[in-house]
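So the structure is just underneath, and the comments pick up after that.
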Amino acid sequence: MLFKYAKKKKEEKCEMIVKSIVLKNFKNHKDLSINFNDRHTVIYGDNGAGKTSIGEAIAWCLTGANLFGTENITNKLITMGEDEMAVTLVIEKNRKEYEIIRSKKKSTTEITINGVKATQMDLYMQFIQDKDVFFTIFNPLYFTNLAPRDAKTILYKVLPEVSNEEVFKALPPEITEILKKNGFNNPNTFIEKQREILKDWEEGLLKSEGNIEILRQILNAKIPEMKTFDETQLKALESQLLELQKNQNIEIEKELAVLKEQYKKPPIEKPQLKDTSILQKAREELLQEYKQVQQQIKNLKPQCITCNKCGNKIDVTAKEKQLLLTKQQEIKEKGTKTAAELKAVIEENEKAEKEFQEKVNKYRKALEIKIKKLENALNTDANKEQIRQIMQQIEKLRFEERETISHNENVKALLRQKEEAKKKLKEVEEDIKVAKQKINEVKTLIEYAKTFNAKKLELEAAEINKYLSRVSLQLWKIVQSTGEIKDDFKILYDGKEFNVLSYSERIKAGLEIANLIIGLTGVKFPIFIDNAESITVYTVPHTQIIEARVKEGAKKLEIKNKQIDLLTV
């Protein structure tokens, strides 16, 4: 908004020239008339002769303030003992003359423009536009006495704004093409967004690299060989045991046979494992849908139109993009939920299988106790010791059989895990490849955006420096860690801050700032240089100059109108 003021004024080529002034009871001037040269007027007078009052009268007539913009000072300007005061100012604006009169009669202040009553707002709208810009040009000491924050605000009103297209023209074509292709508009917003994207990809890469390390450990793990169990000895011992027990009670043998059959096939219902295929299929479908939406977002190019009311650019695809992002988030949430459900079902199945195996083992141990008791009951005194030894051997062999079965089941599980790891490894390696590619692409975009910012500051500085010589001005800087442009106001004169400048240096610095504003905006107000004798040479801005110089012994003001000399610093 502030820059629009400067742009508008430059297009209008506004120039104001003070033609003449009449003072009535203004400070120590009871009745004074002065005609000014369009280019250069010098006012001579001794100390206290009222030279500064001429500049104050011009400022008060146009703004109601003193040379430093302070308002509500009218009562301090009126000649002591008088109750009426008036300043009549004839100015020329864009080759048209206007007579402005500001007068005070007792407690009433009146303004007229060409004889028509007016207000201070009328003066601003018709002649001044911006109070700070006016005083920065009119009084070289105004700007140099401001606080840094206020000085920065004034400069922001008039400094040129380099458009994106101007920067693009100054950049290599490949950078311009890539930035435009990726919806580049606001540099800082673009960099911030790309950093968020980069963070997501880097976090994903870190996770994938962790997963791939685990998968490689699984693949490199040494899997034990399958074991075999020879049943020959066990069957022989069982046959021998049966032979020794032939004469035992038949009922016991029958019961023993039933128990052994139950040992081989425990009457325990196997758990009904839940089907995971539906959830796995749903997860895959959500993944494919997520990738499709992601591709749609990537393919969606910004289409901007200009608002007829505010002039801002509006991206008509923003709503569609937001809908796609919302849909993508919903798919992601569904995928997360489905994955959690799948994991829960798998864990539930594994728990059920484990509980089943524990029940079988517990059941078999109970049967072993019963079988042992029945076998003991079949022993006779004659072969009791022999049967006991055979049963011990059988028990040992059965333990070896169980250990072999358990070992082989573990080996099979490890083999299945390795096979699944092979498949998963290919997927993760592809994910890492894509992530690294995307990370490089995003980093390139960030570097290109940084290059854009650097070029933009370079172009803006070039425009500003055309009008500056000994004043150096810095309004922004590039943050090295992020590449973003941040406010960083610094203004110096010959390397010194304004608050330590001498009086003459303040005037010269103020003249350079005035020249900068005139050059950037095309607005030309007169410049009133008080105590001009304190500077011997200076760069003359291309506008009307009014100097006030001390001349010893000149009790009355002496006015000299002349062509301005070409002075340089």
Go through the steps for Phe168 and Phe452 under the test ring pair (Phe, Tyr, Trp, His ring centres under 6.0 Å), then give the verdict.
-> CA-CA 8 Å; Phe168 283 142; Phe452 178 95; 5.4 Å; yes
For atom CD of Glu497, decide whether the heavy atoms of other residues, nucleotides or ligands shown that lie under 6.0 angstrom number more than 12.
-> no
CG (Asp150) with more than 12 external heavy atoms under 6.0 Å = yes
Determine, step by step, whether Ile212 and Ser208 satisfy the side-chain contact (heavy atoms from CB on, under 4.5 Å) criterion, reporting the C-alpha distance in whole Å, the side-chain angles of both residues, the deciding distance to 0.1 Å, and the verdict.
-> CA-CA 6 Å; Ile212 207 169; Ser208 295; over 6 Å; no
Please check if atom CD in Glu174 has more than 12 non-hydrogen atoms from other residues, nucleotides or ligands closer than 6.0 Å.
-> yes
Report yes or no: does Glu400 contribute a side-chain atom to a donor-acceptor pair with the main-chain N or O of Phe229 at less than 3.5 Å?
-> no
In short, Ala509 meets Leu501 closest at the heavy-atom pair CB-CD1, 4.2 Å
So, do Leu155 and Leu516 sit near enough that their side-chain heavy atoms are less than 4.5 Å apart?
-> yes
Report yes if the side chains of Lys332 and Gln328 come closer than 4.5 Å at any heavy-atom pair, otherwise no.
-> no
First locate atom CD of Glu213, then atom CD of Glu209, and finally report the distance between them rounded to the nearest 0.5 Å.
-> 10.0 Å
Is the backbone of Tyr263 close enough, under 3.5 Å, to the side chain of Arg364 for a donor and an acceptor to pair up by distance?
-> yes
Any chance CD of Gln272 has more than 12 other-residue heavy atoms, nucleotides or ligands included, within less than 6.0 Å?
-> no
Nearest heavy-atom contact between Glu225 and Val411 is O-CG2, 4.2 Å
For the student: nearest non-hydrogen atoms of Val471 and Ile513, plus distance = CG1-CD1, 4.0 Å
So do Glu285 and Gln288 actually touch side chain to side chain, heavy atoms under 4.5 Å?
-> no
Closest heavy-atom contact between Gln194 and Ile446?
-> CB-CG1, 3.6 Å
Measure from the side-chain N and O atoms of Ser239 to the backbone N and O of Lys235, and report whether any donor-acceptor pair falls under 3.5 Å.
-> yes
Between Leu237 and Leu241, is a side-chain contact (heavy atoms from CB on, under 4.5 Å) present by the stated rule, with each step listed?
-> CA-CA 6 Å; Leu237 288 171; Leu241 181 62; over 6 Å; no
Does Asn188 offer a backbone N or O that forms a donor-acceptor pair with the side chain of Asn186 under 3.5 Å?
-> yes
Are more than 12 heavy atoms from other residues, nucleotides or ligands located less than 6.0 Å from atom CD1 of Ile278?
-> no
Under the salt bridge (Lys or Arg N to Asp or Glu O under 4.0 Å) criterion, do Glu395 and Lys372 qualify, and how do the steps go?
-> CA-CA 10 Å; Glu395 177 62 24; Lys372 189 174 182 179; over 6 Å; no
When rounded to the nearest 0.5 angstrom, what is the spacing between CH2 in Trp201 and NZ in Lys436?
-> 13.5 Å
Run the salt bridge (Lys or Arg N to Asp or Glu O under 4.0 Å) check on Glu238 and Arg398 step by step: do they pass?
-> CA-CA 11 Å; Glu238 287 176 341; Arg398 283 176 179 166; 3.2 Å; yes
Are Lys334 and Glu341 within salt-bridge range, i.e. N to O under 4.0 Å?
-> no
Any Leu179 side-chain heavy atom under 4.5 Å of Asn164 side chain | no
Grab the two heavy atoms, one from Lys157 and one from Asp132, that are nearest each other, plus how far apart they are.
-> NZ-OD2, 3.4 Å
Donor-acceptor pair, Asn408 side chain versus Met226 backbone, under 3.5 Å?
-> no
Closest heavy-atom contact between Pro224 and His407?
-> CB-CE1, 3.7 Å
When rounded to the nearest 0.5 Å, the distance separating NZ of Lys199 from CZ of Arg195 is 12.0 Å
Under 3.5 Å, side chain of Gln417 to main-chain N/O of Ile218, donor-acceptor pair present?
-> no
Within 6.0 Å of CD in Gln233, more than 12 heavy atoms from elsewhere = no
Polar side-chain atom of Lys456 near backbone of Val167 as donor-acceptor pair, under 3.5 Å = no
Is there a side-chain contact between Lys496 and Arg470, using heavy atoms and a 4.5 Å cut-off?
-> no
With a 4.5 Å heavy-atom cut-off, do Lys370 and Glu255 have their side chains touching?
-> no
Atom NZ in Lys508, atom OG1 in Thr539: separation rounded to 0.5 Å?
-> 9.0 Å
Would a 4.5 Å heavy-atom cut-off, applied to side chains only, mark Ile517 and Phe143 as touching?
-> no
Above 12 or not: heavy atoms from other molecules or residues under 6.0 Å from CD of Glu358?
-> yes
Any side-chain heavy atom of Thr228 sitting closer than 4.5 Å to one from Thr404?
-> no
Quick check: does any side chain N or O of Lys418 sit under 3.5 Å from a backbone N or O of Ala221, one acting as donor and the other as acceptor?
-> yes
Give, for atom OG1 of Thr136 and atom CD1 of Ile518, the distance between the pair rounded to the nearest 0.5 Å.
-> 11.0 Å
Is there a donor-acceptor pair closer than 3.5 Å between any side-chain N or O of Tyr142 and the backbone N or O of Phe135?
-> no
Lys321 NZ: over 12 foreign heavy atoms closer than 6.0 Å = no
Could you walk me through whether Glu463 and Lys466 pass the side-chain contact (heavy atoms from CB on, under 4.5 Å) test, one step at a time?
-> CA-CA 6 Å; Glu463 180 65 19; Lys466 289 193 301 186; 3.2 Å; yes
Using distance alone, with no hydrogens and no angle criterion, decide if Glu441 and Gln437 have a side-chain donor and acceptor under 3.5 Å apart.
-> yes
Could you state the interatomic distance from CZ (Arg283) to NZ (Lys343), rounded to the nearest 0.5 Å?
-> 11.5 Å
Val428 and Leu215: CA distance, side-chain angles, deciding distance, side-chain contact (heavy atoms from CB on, under 4.5 Å) verdict = CA-CA 9 Å; Val428 176; Leu215 293 172; 3.9 Å; yes
Indicate yes or no: does Glu447 engage Lys450 in a salt bridge with an N to O separation below 4.0 Å.
-> yes
